[in-house]
Amino acid sequence: MNIAATAIPKEVKQSQRYRDPRPFSVRFREHMRRNRLAYLLLIPAFVVICATVIYPFIYAFNLATTDTNMYNINSPTKQPQFVGVGNFVEIFSNPEFYTVLGRTILWTAVNVICHVAFGLWLAVLLNRNLKMRGLYRTLLVLPWAIPQLIVAMMWKNEFNTQYGSINLILQSIGLPAIPWLTDPFWAFVAVCITNIWLGIPFMMVIILGGLQSISPEYYEAAQIDGATAWQQFRNITVPFLRPVLTPAIILGTVWTFNNLNIIYLITKGGPNNGTQILVTYVYRAAFDFYRYGYAAAFSVVIFLILLIFCLFYIRATRGAQEV
Amino acid sequence: MAEVRLVNLAKAFGPVQILKGIDLTIPDGEFVVLLGPSGCGKTTTLRLIAGLEEATSGEIFIGERKVNDLPPKERDIAMVFQSYALYPHMTVFDNMAFGLRLHGVRREEVDRRVMEAAEMLELTPLLARKPRALSGGQRQRVAVGRAIVRNPKVFLMDEPLSNLDAKLRVQTRVELSKLHMKLGVTTIYVTHDQMEAMTLGNLVVIMNQGIIQQMGTPSDVYDRPANKFVAGFVGSPPMNFFPALVDGEEELFFQMASFRLPVLPERCAALAPYRGKDVVFGIRPEDINMGGGDGAVHIPVTAKVDVLELLGAEIFLYLSSPEGIFVASSASQKLLSQKFLKLKATAVSFIARVDPSTPAKEGDSVQVVFNLGRSHAFDADSERAIY
Ligand SMILES: Nc1ncnc2c1ncn2[C@@H]1O[C@H](COP(=O)(O)OP(=O)(O)OP(=O)(O)O)[C@@H](O)[C@H]1O
Ligand SMILES: [Mg+2]
């Protein structure tokens, strides 16, 4: 590109780039006249996006700079006060924030890594010439089709210390029962297991789609070249999957990072805040402590964390996507 | 380098028998072309040799070794795929070096061999590019390069030129030919394009429906086809076939639906057993000429020009002989088969390939002469060549 830019003589370049000499207002009117129908058709979508995305977004940013809470939000006597970055200062000076942030990152990493690893493993198995492949595929996608509420209830019962089947199995082989929902560490393991189980089908389906688009000739060429199964996986499967895995991992990370449902339904962030992640923390601030301004500021922090993650991740994988 | 030998090789996919016992010996260093219509099992044969598919029965030898149970990498072969199968995320250099690296070849040796192959194929300026940034012809050369750096005993190529445009195909064909002369590696080349087969191969193997029909030099299969399939498959436009009855007492004739042609004296012995029976008379379009003929051996046949195709250097005339009244000699009349009687009423169409100066127009009635010295006759049932 640079070479081309320097090679073209200045006069040529200028003559090639046509500049409309008329003033902006004239050009704008003409533009609107020509594209009137297009803009007209865009209006409904624009209105809906404004109402559901842009307005709440601005509202939340605005809210984050106030001390809005249950007592002043609709009160005739008290008004919410502008506090500037006060909420943010409070968030970052609270040591619990860093504990919860650390746990959220751990939660996200464990979940996404397991989703990708198990999803990849199952997809590779399903991509072979198995008998009854359709049946396995359906069974494996099933967790996805069940409403999350039901999944959470189901697993909550499985984790019951006395009659949950996991402990029954452990005890039947002579191991001690695990205090799943009463010990902070085991409660965290429990919510992870549930969410991993729930998230595998999505990754599996995405990866299976990617696998099926790889022409078998690549593997055959590699076999003739003398590649082992592992070398074929490293040199063909992984690079070919990268373009589908990148968006899937970004989505998976954002979803998991913000996954309120499973934790809220199984442990409510307990015991002793041992399974609290950032979104459950925000939820509690907003709907248990009614600190709307503070919760909004917290949401902004979460948004910024995810935004930075996405930017880094996309930059880090852009080279590979060019395939 | 090695000889490749297939012994009674068979392959079935489920209940479907695809290869029905192939016996083929490919001499060391030879360039052999497998030619056949779509679906006849050429690719399957190649994949069996490569070890990408397991034989149902029969044996495959590369050199002295029986390779049936060896995985592809131990067979010491290289394959060029129709789609090239270049790894899109690797540069040209890496694509060519991949197999060598997997075999643990030393780095300097990898560099040396890749550079050498790149030099030979004029790929040196492209080594840092990804396949995406190459033209079809360049990709094809990289695929060939990937095969030759490995120094295999045998090259297997499955329609490597079919993705190129006509002009590039001719050019690459010549280059492949030169490359084979330089390297002298046994090469098995699959194609369904007979021009490619005739120009590239020292030996051509013609396949149909999982059976080898004929193996020979290009001129063997063109001039002395072993059966009607080979005769009709090789050559474009294809050989003309006429259902005919061998008629006559001392001198024999081919009695066609509406005309008769003499059997040349030197062919009479071969055709004698067919007296009174159906045969198929075959003649190539270029062996039919315009003109009056001398009346004795070269009996003119009257035909109508249905379509005329001018191809620059030659003209294809699509002719039809008029429906004629057919009278067999009394000796063979009672021997006539039902099949022949049915055919006699229909006009016969055939193609002649003539000089562009020929003054013929569509709809004209013209006189043509068959060059009987270059005609063929096939058994009507077995379709084997009688001569
Ligand atoms: N994996 C398979 N399972 C079932 N049938 C197959 C399989 N592979 C090939 N066949 C069948 O075997 C026959 C021969 O196939 P093959 O690919 O060898 O043909 P080909 O001669 O290479 O044809 P083409 O010129 O079209 O490439 C075809 O009828 C095809 O449908
Ligand atoms: Mg094929």
Side-chain angles (χ1 to χ4, degrees), chain A residues 1-4 7 116 120 124 127-134 206-207 209-249 313-323, chain B residues 13-14 43 46-53 67 70-91 94-105 110 129-133 142-144 146-147 149-160 163:
Chain A
M1 197 198 156
N2 284 338
I3 297 167
V116 173
L120 189 60
V124 169
N127 197 36
R128 299 183 175 197
N129 277 328
L130 296 173
K131 277 187 194 138
M132 300 197 297
R133 186 158 72 168
I206 296 265
I207 294 170
L211 287 178
Q212 283 172 348
S213 70
I214 307 177
S215 155
E217 284 195 348
Y218 290 111
Y219 292 102
E220 289 172 350
Q223 271 170 40
I224 290 175
D225 272 342
T228 59
W230 171 248
Q231 286 166 332
Q232 289 174 39
F233 180 79
R234 274 280 301 110
N235 290 294
I236 300 169
T237 312
V238 172
F240 272 93
L241 282 183
R242 208 161 281 168
V244 292
L245 270 182
T246 302
I249 286 176
Y313 193 80
I314 290 171
R315 171 172 293 202
T317 53
R318 186 157 39 194
Q321 277 201 309
E322 276 175 24
V323 172
Chain B
F13 288 108
T43 300
L46 212 59
R47 291 169 59 85
L48 284 168
I49 298 171
L52 298 171
E53 214 80 69
V67 297
L70 294 181
K73 64 171 173 182
E74 283 167 36
R75 297 191 180 193
D76 211 351
I77 46 124
M79 185 151 170
V80 178
F81 291 83
Q82 183 176 351
S83 65
Y84 312 144
L86 300 178
Y87 309 117
H89 53 281
M90 295 185 193
T91 61
D94 289 337
N95 262 290
M96 288 168 63
F98 186 62
L100 295 176
R101 286 178 183 153
L102 290 178
H103 278 82
V105 176
V110 171
R129 292 209 204 156
K130 298 250 174 91
R132 186 168 36 100
V142 177
V144 172
R146 192 165 68 170
V149 289
R150 296 253 320 280
N151 244 332
K153 286 205 188 105
V154 180
F155 283 140
L156 305 174
M157 307 196 184
D158 192 357
E159 311 208 11
N163 287 340

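Sequence lines set the chain letters: A, B, ... in the order given, protein chains first and strands last, and positions in each chain run from 1.
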Any side-chain heavy-atom pair from His103(B) and Asp225(A) closer than 4.5 angstrom?
no
Could you list the residues that satisfy side chain to side chain donor-acceptor pair (under 3.5 Å) with Asn235(A), not counting sequence neighbours?
none
Return the CD to CE distance between Gln223(A) and Met79(B), rounded to the nearest 0.5 Å.
11.0 Å
pair Gln231(A)-Leu102(B): side-chain heavy atoms closer than 4.5 Å
yes
Hey, what's the ring geometry for His89(B) with Phe240(A), parallel, tilted or perpendicular (30° and 60° as the breaks)?
perpendicular
Honestly, the part of Arg47(B) sitting under 4.5 Å from a heavy atom of chain A is side chain
Would the number of heavy atoms belonging to other residues, nucleotides or ligands and lying under 6.0 Å from CZ of Arg234(A) be above 12?
no
Among Ala85(B), Pro71(B), Pro72(B), which residue forms the greatest number of heavy-atom pairs with chain A at distances under 4.5 Å?
Ala85(B)
Counting heavy-atom pairs under 4.5 Å with chain A, the top scorer among Ile77(B), Val80(B), Asp76(B), Leu52(B) is Leu52(B)
Side chain, backbone, both or neither of Leu100(B) within contact of chain A (heavy atoms, under 4.5 Å):
neither
Tell me the closest heavy-atom pair linking Leu86(B) and Tyr218(A), and the distance in Å.
O-CE2, 3.0 Å
Going through the distances and angles, do Arg150(B) and Ile224(A) end up as a side-chain contact (heavy atoms from CB on, under 4.5 Å)?
CA-CA 10 Å; Arg150(B) 296 253 320 280; Ile224(A) 290 175; 4.0 Å; yes
Measure Ala78(B) against the heavy atoms of chain A and call it side chain, backbone, both or neither at under 4.5 Å.
backbone
Tyr87(B) and Ala221(A): which non-hydrogen atoms are nearest, and at how many Å?
OH-C, 3.7 Å
